[in-house]
Amino acid sequence: MPQMAPISWLLLFFIFSITFILFNVMNYYSYLPSTPKSSQPTYLSTNPFNWKW
């Protein structure tokens with residue numbers, strides 16, 4: 001069986017690398033996390049501290 005030329009190994013490496021990167025990028029950006037929806041608005045409690053130095 002004849003051996004592959006080094007340019008073919010380099011081409012295969014680039015093709016698999018680009019495929020791997022595209023697959024990961026598409027999986028990363030296709031995920032949309034769901035934001036929690038609350039029925040009542042939540043208000044931040046503010047403490048009435050007035051610091052005077």
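Heavy-atom basis, side chains included; hydrogens, waters and symmetry copies ignored.
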>> Run the side-chain contact (heavy atoms from CB on, under 4.5 Å) test against L22 and tell me which residues pass, sequence neighbours left out.
In response: I18
>> Run the side-chain contact (heavy atoms from CB on, under 4.5 Å) test against I21 and tell me which residues pass, sequence neighbours left out.
In response: V25
>> Under the criterion side-chain contact (heavy atoms from CB on, under 4.5 Å), I'd like the reasoning laid out for L10 against F14: C-alpha separation, chi angles, the key distance, then a yes or no.
In response: CA-CA 6 Å; L10 193 63; F14 282 131; 3.5 Å; yes
> Rest of the hydrophobic cluster containing M26 (Ile/Leu/Val/Met/Phe/Trp/Tyr, side-chain heavy atoms under 4.5 Å)?
Replying inline: none
> When rounded to the nearest 0.5 angstrom, what is the spacing between CG in L11 and CZ in F16?
Replying inline: 10.0 Å
